[in-house]
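Everything below concerns the one structure shown next.
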Amino acid sequence: MFPDWTLALFFLLIAFIYASVGFGGGSSYLALLAVAGIPFQEIRLTALICNILVVTGGTLIFWQNKQLDLRKILPLVVVSVPLAFLGAKMRLQEAFFFQLLGISLLLASTLLWFQGRKEADPTVLPKNNYLRDGLLGGAIGLLSGLVGIGGGIFLSPVLHFLNWHTARKIAATASVFILVNSIAGIGGQLAHLPADLHWGRVALLGAAVLLGGQLGSRISIARFDPLLIRRVTAVLVFAAGVEVLFKL
């Protein structure tokens, strides 16, 4: 098992990288916690709390910079939130949880890596498709609740493939999506929290990702090379998925 301070340093770095592209980092937090030998019942809750701390700051920054299109975001989240809550309430066998998590991370890394550089033209965006967006948000929300992540790492590449909006608006949307689904996921887990939850470790890791997330969000607004960061993120997610599957 890693010392808590070592985990905190890794979490700070992960939060910095993920926040720069509008993500929370839950996928890599989960993998690190699993490899570190943290109790299974504690892993999802810790990752979701860290997600919230990272993307809350990023969401506020995106809001201040007028990057949130609430009319387009609403159909994605209105279905995802209850399904994320439902997924988090489900009791999963430990082996099945890690299988689902590992496969999900490999899929997410593939989507991120092959997401193109092409920037959508804001003057010729496709019409809103509320049914499609609701179904997409709901499916990702349910998966997010099951594995304990916010879902932005799945949502963002798909929205890029759909030419849904500009890269900056999609990053802002991913931050909101992660925030609301992480809150819903925690709500779904409240009924079966472990009695011996290590709150001191949760607080330490939370402080680390809060610092890393604030730094990463500000670099994002400064237009750090998004393709480079996305490729780095894809490699991290792929490594996390492999680590989780080899842990079985």
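We count residues from 1, following the sequence as given.
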| field | Candidate pair Leu33 and Leu205, rule side chain to side chain contact (heavy atoms under 4.5 Å, CB included), full reasoning | value | CA-CA 11 Å; Leu33 292 168; Leu205 298 179; 4.1 Å; yes
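- Val55 and Gly24 make their closest contact through CG1-CA, 3.6 Å (heavy atoms, listed as atom of the first residue, atom of the second, distance).
- Taking CG from Leu101 and CD1 from Ile149, the interatomic distance works out to 7.0 Å, rounded to the nearest 0.5 Å.
- Note: the hydrophobic cluster containing Leu76 does not contain Leu131 (ILVMFWY, side chain heavy atoms under 4.5 Å, direct or indirect links).
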What pairs of donor and acceptor atoms, side-chain ones from residues 177-189 against any protein atom, are under 3.5 angstrom apart with sequence neighbours left out?
unit_1: Asn181; atom_1: OD1; unit_2: Ser80; atom_2: OG; d: 3.1
unit_1: Asn181; atom_1: ND2; unit_2: Ser80; atom_2: OG; d: 3.4
unit_1: Asn181; atom_1: ND2; unit_2: Phe177; atom_2: O; d: 2.9
unit_1: Ser182; atom_1: OG; unit_2: Asn51; atom_2: ND2; d: 3.4
unit_1: Ser182; atom_1: OG; unit_2: Ile178; atom_2: O; d: 2.7
unit_1: Gln189; atom_1: OE1; unit_2: Leu45; atom_2: N; d: 3.4

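- The structure places CD of Glu42 at 4.5 Å from CG of Leu197, a figure rounded to the nearest 0.5 Å.
- In this structure, the side-chain contact (heavy atoms from CB on, under 4.5 Å) partners of Leu100, at least two apart in sequence or on a different chain, are Phe96, Ser104, Leu143, Leu146, Val147.
- No continuous path of hydrophobic side-chain contacts links Leu135 to Leu83 [ILVMFWY only; heavy atoms under 4.5 Å].
- Checked by atom type and distance alone, the side chain of Thr56 never pairs as donor or acceptor with a backbone atom of Leu53 at under 3.5 Å.
- Residues Ile49 and Leu204 are members of separate hydrophobic clusters, defined by side-chain heavy-atom contacts under 4.5 angstrom among Ile, Leu, Val, Met, Phe, Trp and Tyr.
- Once rounded to the nearest 0.5 Å, the distance linking CG of Asp69 with CG of Leu74 reads 10.5 Å.
- With values rounded to the nearest 0.5 angstrom, Ile43 atom CD1 is found 15.0 Å from Tyr29 atom OH.
- Looking at every heavy atom in both residues, Ala108 comes nearest to Val237 through CB-CG1, 4.1 Å.
- Take Phe238 and apply the ring-ring contact (aromatic ring centres under 6.0 Å, His included) test, not counting sequence neighbours, and it matches no residue.
- The two residues Ala15 and Val54 have their closest heavy-atom pair at CB-CG2, 3.8 Å.
- Nearest approach of Ser144 to Gly151, heavy atoms of both residues: OG-CA, 3.1 Å.
- In this structure, Ile140 is a member of the same hydrophobic cluster as Val79, with clusters built from ILVMFWY side-chain heavy atoms closer than 4.5 Å.
- Leu159 and Val81 fall within the same hydrophobic cluster, where Ile, Leu, Val, Met, Phe, Trp and Tyr residues are linked whenever their side-chain heavy atoms come under 4.5 Å apart, directly or through other members.
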| said: Please determine whether side chain to side chain contact (heavy atoms under 4.5 Å, CB included) holds for the pair Thr59 and Leu68, giving the CA-CA distance in whole Å, both sets of side-chain angles, and the decisive distance to 0.1 Å. | reply: CA-CA 8 Å; Thr59 300; Leu68 296 180; 4.2 Å; yes
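- In this view, Asn128 and Lys72, Tyr130 satisfy the side-chain hydrogen bond (donor to acceptor under 3.5 Å, both in side chains) rule, not counting sequence neighbours.
- Taking CG of Leu7 as the reference point, atom CG of Leu12 lies at 12.5 Å (rounded to 0.5 Å).
- No donor-acceptor pair closer than 3.5 Å links the side chain of Ser156 to the backbone N or O of Gly152.
- Partners of Ser27 according to the side-chain hydrogen bond (donor to acceptor under 3.5 Å, both in side chains) rule, which considers only residues two or more places apart in sequence or in another chain, are Tyr18.
- Alongside Leu9, the hydrophobic cluster contains Trp5 (criterion: ILVMFWY side chains under 4.5 Å).
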| From CA spacing to verdict: side chain to side chain contact (heavy atoms under 4.5 Å, CB included), Leu30, Val244 | CA-CA 9 Å; Leu30 286 167; Val244 169; over 6 Å; no
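- Ala47 and Gly148 make their closest contact through CB-O, 3.8 Å (heavy atoms, listed as atom of the first residue, atom of the second, distance).
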| said: Set out, in order, the CA-CA distance, both residues' side-chain angles and the distance that settles side chain to side chain contact (heavy atoms under 4.5 Å, CB included) for Thr46 and Ile38, then state yes or no. | reply: CA-CA 10 Å; Thr46 302; Ile38 304 302; 5.5 Å; no
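- The backbone N or O of Phe62 sits nowhere less than 3.5 Å from a side-chain atom of Arg168 that would complete a donor-acceptor pair.
- Taking CG from Asp4 and CZ from Phe11, the interatomic distance works out to 10.0 Å, rounded to the nearest 0.5 Å.
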